[in-house]
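Everything on this sheet refers to the single structure shown next.
Note that this is a predicted model, so its numbers are computed, not measured.
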Amino acid sequence: MIHQKNSIGKLNSLPSKKVNILMVDDHPENLLALEAVLLSPNYHLVSANSGKEALKCMLKQDFAVILLDVQMPGLNGFETAKLIKAREKTRHIPIIFITAISQDMEHVHQGYAAGAIDYIFKPFHPETLKQKIEQFVKIHRNHKENMIQTKRERTVELNEVNKKLDRTTLNLRRTEALSKVIGETIIDTILTFDDQGAILSVNPAIKTMFGYKAEELIGKHVVMLFLKLLGDNERDLSFSFLSTIKQSVGKVIESVGLRKDESYFHVDILIGETTVENQQIFVCTIRDVTERKQIEEIKKLQFNNMEHIVEKRTLELIRTNEKLQKEIEERKIIADHLYRSQERFQKIFEASPCLMAIFSQRDLTYIEVNTSWLNFTGYHYDELVKQKINLKDFVEESTGKPINLDRSIRNKKISYQTKNGDTRDGLLSTEMIDIHPEPCTLIVLTDITERVHLEKELSRLDRLNLIGEMAAGIAHEIRNPMTTVQGFLQLSRNNSDHLSTEIMDLMLEELNRANSIITEFLNLAKNKISMKKKQNLNTILNALSPLIQAEAMRSSKHVKFDLNMCPDIFLDQKEIRQLILNIALNGLDAMSSNGKLTIKTYTEKQAVILEIKDQGQGISPDVLQKLGTPFFTTKEKGTGLGLAICYSIAKRHHAEIEIVTGDEGTIFAIRFSLNPCLTNS
């Protein structure tokens, strides 16, 4: 027991040693470079200047991985690798070839044929090599730990089995000693019977083993003491038993003893034969082997468990090896993919019509620029590369300040300076990238100078066109009530009679109509100030609900409110009420009796949505194109300013109006952004 504990203690207290890594190269400077890359407190780096020296090192130490140069005097890398793989103790050590001379696939294949698991070309990437070595070291350590664990478990199991075997052996020796001293065993049962199977005598052990007294068995058939005998035939048990006895004299046969209380146990039977006065007498020694059978069952179970463990661990090692091979193949595929991706990126970078540049985040110097950048800015390549970027040359249009390149940018409108001092317009996008492994920024600048000039010219023409249309609309809308007032005033000048109350009311109504048109027209002004404060859209809708319901009931129509939870946003309550009423009343007017108007609110993609849906006949494409145009209306008494005011209110709230129309009705969806930079403006 003490020996067993000491063995387990030694296995558990094994010190964590440094992992040996062998570097083989005939150039000392290359060994120094590898040592600088792999220097670690967990590694013991061993250098060898030739293949022979490497083989000597391997006779003295065990290595987790070998870095092997191909071209060396004497034994080259391939020959050295074959000798390493030919030796049973070192054939499992992974070999990585490192060469700077030949990159032909023939030499690469020769390296893998020699037993290498990787083939690296100089100059190599230090971090990649370091990570590969770390993985092989991890595999080596796992393999060592598995071997130690397996040895520990086997030692414990063997100690346990040996202890049980020692106990059994001791018991057997005691039994043999007692048999020799006493001459008659007190453990085994000894009985004699004649050739007919009748019991002639028994020893005192019969009482302990079978529960019978001697006088209870004399003259009885011996078969009553056994549940079965190997080869028994139940149809003629006595005959079968005697036949088996005659065939098994001098041999040990296995059977099952049957006690007086009808319980049974395993026994070994040894039969001897003699002749007394011409009568054949058989001597039968019966030994209780129940404990031995139990030990055998335990051993059998332990053996099966051990076989299962060995099989399981073998499968695990096979899977690990397959996984390692798969990882090597995948890394090779990834390396090829990265090479092709880099080549494609270089072609796209150079051929792109957009201005593209890469600069270092550390010192803000240009690393690379493409041809479009040089053509648009007027600089030569040598004037930019390795020079510091001038952020003052790139100004945000919205703020007038230089751009901030510390974060990613998407299509920000800027102006930039050329070498000649000209100012051009562009859309700027940036992306943070790592290059070997320096953090860099990729700039993509789309020049939109010509497009901006064209947009400004089109905007100027649109404004002139809109002014003309608005002037015609205002003149037409205001001239009608003014004509009415003018006609009655001329009539009153020619007629001395006072104007009637009806005429005065009509004139005032026409003047109020003209004033209303002018007031609504002023609501379209861009510089109108909105009094926005943070509030909930559902609160405004709940306040308007009675008014809209009353208007719907007046025309035998229905209104449904589907208001979902929405966050508070910055709104001008008066303007939003006007927008909701304009669109809701238009929806009610578009429906026939029993039509249903649905007003719904919900949150979607960082926006609060107000959706107003009617069940009208839909809007024709011709009318849909003109919606929102001042003084355009399909109503008999409409001013044509309602939707135009709605679009103006939405613009002041940085909201968007989307219209979906069809035969089943029309949906007006107003999208209010949750972006703080918009809602707080």
Side-chain angles (χ1 to χ4, degrees), residues 4-22 38 40-44 46 58 61-68 81-97 111-120 127-164 296-335:
Q4 177 184 350
K5 290 183 178 179
N6 292 337
S7 300
I8 298 173
K10 289 179 181 178
L11 289 173
N12 288 330
S13 61
L14 286 175
S16 179
K17 297 180 180 179
K18 290 186 177 181
V19 175
N20 296 326
I21 298 176
L22 180 60
L38 301 178
S40 170
N42 298 323
Y43 301 160
H44 178 222
V46 179
M58 299 192 69
Q61 302 179 64
D62 185 22
F63 294 94
V65 65
I66 301 173
L67 301 174
L68 186 59
K82 288 180 180 178
L83 290 174
I84 292 172
K85 292 298 179 181
R87 186 166 173 252
E88 182 64 28
K89 188 176 180 181
T90 59
R91 65 187 304 172
H92 68 279
I93 302 177
I95 299 174
I96 301 176
F97 278 122
Y112 285 121
I117 63 170
D118 205 349
Y119 200 99
I120 299 176
E127 191 63 27
T128 301
L129 178 61
K130 189 174 181 180
Q131 291 179 359
K132 287 185 178 182
I133 295 301
E134 287 177 356
Q135 293 302 316
F136 289 127
V137 168
K138 187 182 293 183
I139 292 172
H140 174 76
R141 282 179 171 163
N142 290 340
H143 177 68
K144 288 290 185 182
E145 290 175 359
N146 288 338
M147 290 179 62
I148 292 172
Q149 182 65 20
T150 302
K151 187 175 181 180
R152 183 186 297 119
E153 292 176 356
R154 287 181 177 176
T155 301
V156 172
E157 292 171 356
L158 288 174
N159 287 339
E160 187 66 24
V161 171
N162 288 333
K163 186 172 67 174
K164 292 181 179 179
E296 288 176 355
E297 289 295 327
I298 292 172
K299 286 182 179 180
K300 184 178 180 181
L301 181 62
Q302 290 176 342
F303 180 77
N304 291 336
N305 289 340
M306 188 174 294
E307 280 191 335
H308 177 70
I309 291 171
V310 172
E311 182 180 357
K312 182 179 178 182
R313 289 183 178 169
T314 303
L315 290 175
E316 288 177 355
L317 289 174
I318 293 173
R319 292 194 193 99
T320 303
N321 185 50
E322 292 175 351
K323 185 177 179 181
L324 179 60
Q325 293 296 331
K326 186 177 179 181
E327 287 180 358
I328 293 172
E329 293 175 1
E330 289 177 352
R331 289 184 180 183
K332 186 178 178 182
I333 294 172
I334 291 171

- Go through L67 and I133 one step at a time and tell me if the side chain to side chain contact (heavy atoms under 4.5 Å, CB included) criterion holds. CA-CA 9 Å; L67 301 174; I133 295 301; 3.7 Å; yes
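Interatomic distance, H140 NE2 to I21 CD1, rounded to the nearest 0.5 Å: 9.5 Å. Here I139 contributes atom CD1 and H92 contributes atom NE2; the two are 12.0 Å apart, rounded to the nearest 0.5 Å. Between the CD1 atom of I66 and the CG atom of L22 there is a distance of 5.5 Å, given to the nearest 0.5 Å. Going from atom CG of L68 over to atom CZ of F97 covers 5.0 Å, rounded to the nearest 0.5 Å.
Residues in residues 299-313 take part in these side-chain hydrogen bond (donor to acceptor under 3.5 Å, both in side chains) pairs, two or more places apart or across chains: T150-R313, E153-R313.
What you find for K18 and Y43 is that their closest heavy atoms are CD-O, 3.8 Å.
Contact annotation: the side chain of K138 never approaches that of E134 to less than 4.5 Å [non-hydrogen atoms, C-beta and beyond]. Under the 4.5 Å side-chain criterion, counting only non-hydrogen atoms from C-beta, E145 is in contact with N142.
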Scan the side chains in residues 314-333 for donor-acceptor partners under 3.5 Å anywhere in the protein, sequence neighbours excluded, and list what turns up.
residue	atom	partner	partner atom	Å
T314	OG1	V310	O	2.7
T320	OG1	E316	O	2.8

Show every donor-acceptor pair shorter than 3.5 Å between a side-chain atom in residues 81-91 and any protein atom, with sequence neighbours excluded, or say none if there are none.
residue	atom	partner	partner atom	Å
K85	NZ	R91	O	2.8
K85	NZ	I93	O	2.9
E88	OE1	R91	NH1	3.2
T90	OG1	I84	O	2.7

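With sequence neighbours excluded, the residues that form a side-chain hydrogen bond (donor to acceptor under 3.5 Å, both in side chains) with T128 are H125. For E296, the salt bridge (charged side-chain N to carboxylate O under 4.0 Å, His left out) partners two or more places apart in sequence, or in a different chain, are R292. K144 is linked by a side-chain hydrogen bond (donor to acceptor under 3.5 Å, both in side chains) to D62, counting only residues two or more places apart in sequence or in another chain.
A salt bridge links K163 and E160; the closest N-O separation between the charged side-chain nitrogens and carboxylate oxygens is under 4.0 Å.
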